[in-house]
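Order of listing sets the numbers, starting from 1, for every ligand and every atom in it. Because the structure is predicted, anything quoted here is derived from the model rather than measured.
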Amino acid sequence: AVSHWCYESQKYEDPLCQGPREWYQIYATCKGEKQSPINIVTKNVVLDKSLNSLNFEGYDVKESSAWDIENNGHTVKVTLDTSAKIGGGGLGRKYKAAEFHFHWGVQVGQQYLPGSEHSIDGEKQAMELHIVHIREDASDIEAAKKYANGVAVLAFFIKIEEENRNYTSLISELENIKYKGQTAQMEPLPLSSLIPPEEDLGRYYRYEGSLTTPDCYEGVIWTIFEKPIALSLSQITQFSTVYFDGKNSTPMAENFRPVQFLNGREVYRSSA
Ligand code: SG7
Ligand code: ZN
């Protein structure tokens with residue numbers, strides 16, 4: 001069989017799959033010089049006063065058509081109709097929201113081993129939400145990848161705290177997409193309900209990186225917010241009730257790429 005990419009956590013089940021350290025064998029860009037995720041070392045971060053607050057357009061609006069939520073064998077992903085947009089914040093142009101998905105860790109006994117992709121001063125969080133945006137003039141992600149800076153991802157850490165009722169309906173769909181390739185329809189939510197209130201967003205970090213999955217396209221403007229989203233531990237552990245593949249496969253967990261070298265890149269921070 002043709003080899004396929006996987007996360008380290010899948011290698012027990014599928015020893016021949018290509019883990020993060022081997023992705024480059026099938027996707028050469030994955031060994032590029034501008035890869036993601038990274039560890040953000042706060043003492044090296046450069047304050048950039050031109051990084052003003054982002055403008056969120058349509059983030060408060062509920063999309064008119066149902067959301068498709070999918071288990072794509074790597075994550076849980078919701079496809080968006082690109083009516084929500086971001087601009088400002090030093091982005092240079094507007095980007096429209098195409099999809100969002102999550103990366104998470106694993107529960108071991110009483111502990112939750114964090115599964116965020118980015119880290120700050122070596123510290124990872126339980127989960128990370130990625131809202132993937134594409135250039136306004138691109139028809140889809142594939143078209144956006146033809147440009148430099150074709151994609152802008154907003155990243156939010158998710159911390160173990162109190163229950164977040166805004167996530168109830170999304171998490172309740174997970175039982176309908178247990179296996180790879182399954183999709184379900186759900187009532188749309190305003191994107192703003194899934195992230196911290198705009199007035200609490202505070203500081204963000206900015207750097208130039210890549211997609212964190214193959215093909216590892218380099219041309220992603222990353223924005224990483226310091227202010228985390230809160231979910232309860234029981235909400236977080238429900239993400240691992242879906243599987244990487246079919247019945248009897250490994251529960252989806254630790255679906256993150258390890259941090260990559262900066263290779264001289266600067267990481268900037270906003271003043272707010
Ligand atoms: C997830 O992460 C998916 C991918 C996404 C990838 O595996 O949500 O999305 C699709 C459309 O399959 O890839 C092109 C793209 O957005 C990488 O996204 S990430 O760098 O934000 N983690
Ligand atoms: Zn992601």
Side-chain angles (χ1 to χ4, degrees), residues 4-10 17-20 23 26-27 29-30 32 34-38 67-82 84 86 91 95-105 114-119 124-135 138-158 170 173-174 177 180-184 191 194-195 204-225 229 239 242-245 252-260:
H4 56 281
W5 75 268
C6 66
Y7 289 108
E8 207 54 50
S9 55
Q10 293 175 263
C17 73
Q18 232 102 26
W23 288 354
I26 348 177
Y27 305 92
T29 313
C30 299
K34 293 170 73 170
Q35 290 291 294
S36 295
I38 57 162
W67 272 1
D68 266 323
I69 183 167
E70 180 190 4
N71 173 345
N72 72 357
H74 311 293
T75 188
V76 167
K77 182 182 96 177
V78 172
T79 303
L80 301 170
D81 72 6
T82 68
I86 52 168
L91 285 175
Y95 290 83
K96 50 189 186 183
E99 56 109 336
F100 68 84
H101 63 266
F102 302 88
H103 302 268
W104 59 90
S116 67
E117 296 209 296
H118 289 89
S119 55
K124 300 222 303 176
Q125 299 297 333
M127 294 182 66
E128 194 169 319
L129 163 65
H130 288 159
I131 311 180
V132 179
H133 299 71
I134 58 175
R135 271 172 70 123
S139 51
D140 56 25
I141 292 175
E142 285 316 305
K145 283 157 66 173
K146 303 244 151 58
Y147 298 96
N149 297 333
V151 175
V153 183
L154 300 188
F156 296 88
F157 293 117
I158 299 178
L170 190 148
E173 288 300 330
L174 296 174
I177 55 164
K180 180 180 171 175
Q182 285 189 307
T183 59
L191 284 176
L194 299 175
I195 61 178
Y204 62 82
Y205 298 101
R206 166 67 49 75
Y207 78 99
E208 289 182 19
S210 74
L211 295 177
T212 65
T213 62
D215 56 4
C216 306
Y217 156 81
E218 290 183 340
V220 178
I221 305 177
W222 279 94
T223 305
I224 295 129
F225 290 90
I229 297 163
F239 280 85
V242 310
Y243 294 85
F244 276 122
D245 202 334
M252 197 179 278
E254 301 190 294
N255 55 349
F256 57 83
R257 184 189 199 187
V259 295
Q260 305 293 305

Original post:
If we only count N/O pairs under 3.5 Å, is Thr212 in contact with ligand 1?
Top reply: yes

Original post:
Do Glu128 and His118 meet the criterion of a side-chain donor-acceptor pair at a distance under 3.5 Å?
Top reply: yes

**OP:** Please write down residue, atom name and distance for the protein heavy atom closest to atom 6 (C) of ligand 1.
**Re:** Thr213 OG1, 3.1 Å

**OP:** Could you tell me which atoms of ligand 1, counted from 1 in the order shown, lie closer than 4.0 angstrom to a heavy atom of His103?
**Re:** 22 (N)

Original post:
Roughly how far, to the nearest 0.5 Å, is CZ of Phe157 from CE of Met127?
Top reply: 13.0 Å

Subject >> Any side-chain donor near an acceptor of the partner, Thr212 and Glu117, under 3.5 Å >> reply: yes

Subject >> Nitrogen or oxygen of Glu99 less than 3.5 angstrom from that of ligand 1 >> reply: yes

Original post:
How far is atom 1 (C) of ligand 1 from its nearest protein heavy atom, and which residue and atom is that?
Top reply: Thr75 CG2, 3.6 Å

Subject >> Minimum-distance atom from the Zn ion (ligand 2) among N, O or S atoms of His101 >> reply: NE2

**OP:** Would you check whether Trp222 has a nitrogen or oxygen atom less than 3.5 angstrom from a nitrogen or oxygen atom of ligand 1?
**Re:** no

Original post:
Under 3.5 Å, is there a donor-acceptor pair between the Glu70 and Gln182 side chains?
Top reply: no

**OP:** May I ask you to identify the nearest protein heavy atom to atom 3 (C) of ligand 1, giving residue, atom name and distance to one decimal place in Å?
**Re:** Asn72 ND2, 3.6 Å

Subject >> Min heavy-atom dist Arg257 to ligand 1 below 4.0 Å >> reply: no

Original post:
Does Lys124 NZ have over 12 foreign heavy atoms under 6.0 Å away?
Top reply: yes

**OP:** Among all protein heavy atoms, pick the one closest to atom 18 (O) of ligand 1 and tell me residue, atom and distance.
**Re:** His101 CE1, 3.5 Å

**OP:** Measure the distance from atom 11 (C) of ligand 1 to every protein heavy atom, then report the residue, atom name and distance (to 0.1 Å) of the closest one.
**Re:** Lys77 NZ, 3.3 Å

**OP:** Indicate yes or no: does an N/O atom of His74 lie under 3.5 Å from an N/O atom of ligand 1?
**Re:** no

Original post:
Checking ring-ring contact (aromatic ring centres under 6.0 Å, His included) for the pair Phe102/Phe239: CA distance, chi angles, key distance, verdict?
Top reply: CA-CA 9 Å; Phe102 302 88; Phe239 280 85; 5.1 Å; yes

Subject >> Which N, O or S atom of His130 lies nearest to the Zn ion (ligand 2), by name >> reply: ND1

Subject >> Numbered atoms of ligand 1 (with element) below 4.0 Å of Val132, judged on heavy atoms >> reply: 16 (O), 21 (O)

**OP:** Any atoms of ligand 1 less than 4.0 Å from a non-hydrogen atom of Leu211? List them with their elements.
**Re:** 14 (C), 18 (O), 20 (O)

Original post:
Got the closest protein heavy atom to atom 14 (C) of ligand 1, with its distance?
Top reply: Ile141 CG2, 3.3 Å

**OP:** Kindly indicate whether the side chain of Phe100, heavy atoms from C-beta on, has any atom under 4.5 Å from the side chain of Val132.
**Re:** no

Original post:
Any luck finding a side-chain donor-acceptor pair between Ser36 and Trp222 under 3.5 Å?
Top reply: yes

